[in-house]
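Take a look at the structure set out below.
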Amino acid sequence: GSVGGYLRSGNRLKEEELREVVSCCLLGLSYLHNKNVIHRVPIHGIVNIQDIKPDNLFISENGVIKMGDFGLAVQLEHSCSKRSTVCGTSLYMGPEVYCDGAVLKSDVWSLGMSVIEMAEGKHPLASCTSFQVMKKVCDGEPPSLSSSEWSSDLVEFVKKCLVKDVNRRSSVEELMKVGVVVVNEE
């Protein structure tokens with residue numbers, strides 16, 4: 001099943017489990033980004049941008065998290081390329097997607113929003129309409145994790161993911177060096 005299904009069943013992730021999920025996501029995104037691929041899926045024949053979300057993170061029998069539902073994953077010409085198609089799962093779209101189009105670091109925003117949802121059991125903008133989401137993402141302060149419930153490493157990781165200026169936002173490779181990442185020595 002998916003991490004999203006696990007959460008909807010009333011389950012919560014402990015921080016150690018969340019770190020495992022984040023680590024698996026970063027490894028998958030690193031592979032995709034090294035090939036200049038943005039994770040995307042189609043909806044109703046239209047290309048959907050940024051679909052890194054708990055419903056597209058699948059739990060294998062041995063507990064490994066795998067990203068799925070690639071649909072029309074798109075390969076960019078180079079790492080600075082942008083995609084101008086603007087439609088998709090708005091809850092996970094970064095501010096740049098609304099204005100300039102998706103870039104590789106747009107997946108990082110989606111991951112940050114997903115981490116908040118996985119940590120707190122619901123998306124921070126779940127009660128908003130698509131228009132309200134766009135306004136909050138573009139004009140408001142980025143959501144954050146409660147520092148009282150989570151380690152400073154995890155809070156800082158989310159903060160690095162949700163930097164509004166995509167040029168200042170951490171890349172997947174930079175995030176892999178943060179204290180949140182679990183390195184499995186097997």
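Everything quoted here is computed from the prediction, not taken from an experiment. Hydrogens, waters and symmetry mates are skipped; everything else that's a heavy atom, side chains included, is used.
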**Q.** Of all pairs that satisfy ring pair (Phe, Tyr, Trp, His ring centres under 6.0 Å), the ones with a partner from residues 119-142, not counting sequence neighbours
**A.** Tyr92-His123

(Q) Please enumerate all residues that pass side-chain hydrogen bond (donor to acceptor under 3.5 Å, both in side chains) together with Glu17, with sequence neighbours excluded. (A) none

(Q) Once side-chain contact (heavy atoms from CB on, under 4.5 Å) is applied, do any residues pair with Lys136, and if so which ones, sequence neighbours excluded? (A) Leu125, Cys128

Q) Has the side chain of Ser114 got a donor or acceptor atom that lies under 3.5 Å from a matching backbone atom of Ile52? A) yes

Q | Exam field: side chain Asn11 to backbone Tyr6, donor-acceptor pair closer than 3.5 Å | A | yes

**Q.** Residues in side-chain hydrogen bond (donor to acceptor under 3.5 Å, both in side chains) contact with Asn167, at least two apart in sequence or another chain
**A.** none

Q: Start with the C-alpha distance between Val178 and Lys160, add both sets of side-chain angles, then the distance that settles side chain to side chain contact (heavy atoms under 4.5 Å, CB included), and finish with yes or no.
A: CA-CA 10 Å; Val178 176; Lys160 288 175 185 274; 4.1 Å; yes

Q. Which pairs pass salt bridge (Lys or Arg N to Asp or Glu O under 4.0 Å) with one or both residues in residues 3-12, sequence neighbours excluded?
A. Arg8-Asp55

Q | Distance (rounded to the nearest 0.5 Å) between Leu18 CG and Cys25 SG | A | 9.5 Å

Q.
Test of understanding: with side-chain contact (heavy atoms from CB on, under 4.5 Å), list the residues that count as partners of Pro124, not counting sequence neighbours.
A. Met113, Ile116, Pro143

**Q.** All side-chain contact (heavy atoms from CB on, under 4.5 Å) counterparts of Asn62, not counting sequence neighbours
**A.** Ser60, Val64

Q) Would Leu27 and Cys24 satisfy side chain to side chain contact (heavy atoms under 4.5 Å, CB included), going step by step from the backbone distance to the final call? A) CA-CA 5 Å; Leu27 287 170; Cys24 289; 5.7 Å; no

Q: Kindly write out the residues that satisfy salt bridge (Lys or Arg N to Asp or Glu O under 4.0 Å) with Asp165, not counting sequence neighbours, or none if the list is empty.
A: none

Q.
When you compare the side chain of Val3 with that of Leu13, does any pair of heavy atoms fall below 4.5 Å?
A. yes

Q: Check whether any side-chain N or O of Trp109 sits under 3.5 Å from a backbone N or O of Leu162 as a donor-acceptor pair, and report yes or no.
A: no

**Q.** Same cluster (ILVMFWY, side-chain, under 4.5 Å), Val163 and Val166
**A.** no

Q. Where is the tightest heavy-atom contact between Leu7 and Met118, given as atom of each residue plus distance?
A. CD1-CA, 3.7 Å

(Q) Lys159: which residues meet the salt bridge (Lys or Arg N to Asp or Glu O under 4.0 Å) condition with it, sequence neighbours left out? (A) none

(Q) Closer than 3.5 angstrom, by distance alone: can the side chain of Lys164 be matched with the main-chain N or O of Gly140 as a donor-acceptor pair? (A) yes

Q) By side-chain hydrogen bond (donor to acceptor under 3.5 Å, both in side chains), which residues pair with Ser127, not counting sequence neighbours? A) none

Q. What are the two closest non-hydrogen atoms of Leu111 and Leu26, and how far apart are they?
A. CD2-CD2, 3.7 Å

Q) Is Leu57 close to Met67 at the side-chain level, that is, under 4.5 Å between some pair of heavy atoms? A) yes

**Q.** Minimum heavy-atom distance between Pro54 and Ser2, given as atom pair plus value
**A.** O-CB, 3.8 Å

Q: State, to 0.1 Å, how close Val22 and Phe157 come at their nearest heavy-atom pair, and which atoms those are.
A: CG1-CZ, 3.5 Å

**Q.** Set of residues satisfying salt bridge (Lys or Arg N to Asp or Glu O under 4.0 Å) with respect to Glu120, sequence neighbours excluded
**A.** none

**Q.** Point-to-point distance, once rounded to the nearest 0.5 Å, from CG of Leu175 to CD of Glu156
**A.** 10.5 Å

**Q.** Glu96 with Arg169: basic N within carboxylate O range, under 4.0 Å
**A.** yes

Q: Give the minimum heavy-atom separation between Ser171 and Val108, together with the two atoms involved.
A: C-CG2, 4.3 Å

Q: Using the test salt bridge (Lys or Arg N to Asp or Glu O under 4.0 Å), find all partners of Glu15 that sit at least two apart in sequence or belong to another chain.
A: Arg19

Q) How far apart are the C-alpha atoms of Leu154 and Val115, what are their side-chain angles, what is the distance that settles it, and do they pass the side chain to side chain contact (heavy atoms under 4.5 Å, CB included) test? A) CA-CA 9 Å; Leu154 190 61; Val115 171; 4.2 Å; yes

Q. Step by step, would you call Met176 with Ser30 a side chain to side chain contact (heavy atoms under 4.5 Å, CB included)?
A. CA-CA 9 Å; Met176 290 179 79; Ser30 175; 3.7 Å; yes

